[in-house]
Amino acid sequence: MLQIAVLISGGGSNLQCLIDTMKDSGEKEFSICTVISDREASGLKRAEKAGIETHLVDRKIGRPKLSEEINRILSGKADYIILAGFLSILEESFIEQWMGKIINIHPSLLPDFGGKGMYGMHVHEAVIQAGAEVSGCTVHFVDKGIDTGEIINQMSISVDRSWDAVRLQKEVLKLEHKLLPQTVHLLCEKGINL
Ligand code: GAR
């Protein structure tokens, strides 16, 4: 059974989906071994409620120490790391060490609307501003760039002209909640290699 660590920075609705999937499958496919947040985040409560070990590693300690501390927590414990709304940038040495084992979910159809500063609502605002007719979400391996790693899985949605960024975020989040568990299932069933 795969041991999965989930890293968050916010509300953790994607984390909740993974918790529900894990419980629904009788914890046979994968187990969430730990949840780490880089700030006080309400998502940590979701993990605590599910009886999962949690860690708060404050991003204010700086990028090198943050990566070092996360590595210390995860070493020998996690098979895969899922970034589910985790907003800190990890050190290159950390990425190298975990290459092919870190997966991120991003709220657009990468490579569109990815890169520095493109996270959360900023992504949806940019999509609306660009007048894009289609958006969606992407699950990809993490490499040393920002949102540049190899794409594993995507889901798309037509953007209604009447939607604003808030509505788009809501619709894309619904897709994320399907895409992420589906991808983890693929990982467990077939194994996905970089
Ligand atoms: C999700 O929309 C996720 O795709 C996004 O943060 C949100 C977290 O929501 N991630 C990024 O923008 C990363 N670039 P959640 O805390 O409710 O799961």
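Note: hydrogens, waters and symmetry copies are ignored here, and every other heavy atom, side chains too, is used. Keep in mind it's a predicted model, so treat the numbers as computed, not measured. In each ligand, atom 1 is the first atom listed, and ligand 1 is the first ligand listed.
- Between Lys144 and Glu96, at least one side-chain nitrogen of the basic residue sits less than 4.0 Å from a carboxylate oxygen of the acidic one, meeting the salt-bridge criterion.
- Heavy-atom distances between Val123 and ligand 1 stay at or above 4.0 Å for every pair.
- The residue among Ser37, Gly43, Gly85 with a heavy atom at the shortest distance from atom 6 (O) of ligand 1 is Gly85.
- Lys77 has a carboxylate O that lies under 4.0 Å from a charged side-chain N of Glu53, or vice versa, which qualifies the two as a salt bridge.
- Using a cutoff of 4.0 Å between basic side-chain nitrogens and carboxylate oxygens, Lys45 and Glu48 are not scored as salt-bridged.
- A side-chain contact (heavy atoms from CB on, under 4.5 Å) with Leu110 is found for exactly one of Asp147, Thr148, Val139, Asn104, namely Asp147.
- A donor atom on one side chain and an acceptor atom on the other are not found under 3.5 Å apart for Gln3 and Asp79.
- By the criterion of a heavy-atom distance under 4.0 Å, the side chain of Leu173, and not its backbone, is placed next to ligand 1.
- Between Ser13 and ligand 1, a contact under 3.5 Å exists for at least one N or O pair.
- Remark: minimum distance from atom 9 (O) of ligand 1 to any protein heavy atom is reached at Asn14 ND2, 4.0 Å.
- Close approach to Met118 involves these atoms of ligand 1, each under 4.0 Å from a residue heavy atom: 14 (N).
- An N or O contact shorter than 3.5 Å links Glu176 to ligand 1 by distance.
- At under 3.5 Å, a nitrogen or oxygen of Gly12, whether backbone or side chain, sits near a nitrogen or oxygen of ligand 1.
- Within the 4.0 Å heavy-atom shell around ligand 1 one does not find Gln16.
- Using a 3.5 Å distance cut-off with no hydrogens or angles, the side chains of His55 and Ser37 do not pair a donor with an acceptor.
- Salt-bridge formation is detected for the pair Glu171/Arg167: a Lys NZ or Arg NE/NH1/NH2 atom is positioned less than 4.0 Å from an Asp or Glu carboxylate oxygen.
- The protein heavy-atom contact nearest to atom 5 (C) of ligand 1 is Pro107 CD, 3.9 Å.
- Polar contact check, Gly120 against ligand 1: a nitrogen or oxygen pair lies under 3.5 Å apart.
- Shortest contact from atom 10 (N) of ligand 1 to any protein heavy atom: Ile105 O, 3.6 Å.
- In this structure a side-chain-to-backbone donor-acceptor pair under 3.5 Å is present from Ser25 to Met22.
- Under the 3.5 Å distance criterion, with hydrogens and angles disregarded, no donor-acceptor pair is assigned to the side chains of Thr183 and His185.
- At under 3.5 Å, a nitrogen or oxygen of His106, whether backbone or side chain, sits near a nitrogen or oxygen of ligand 1.
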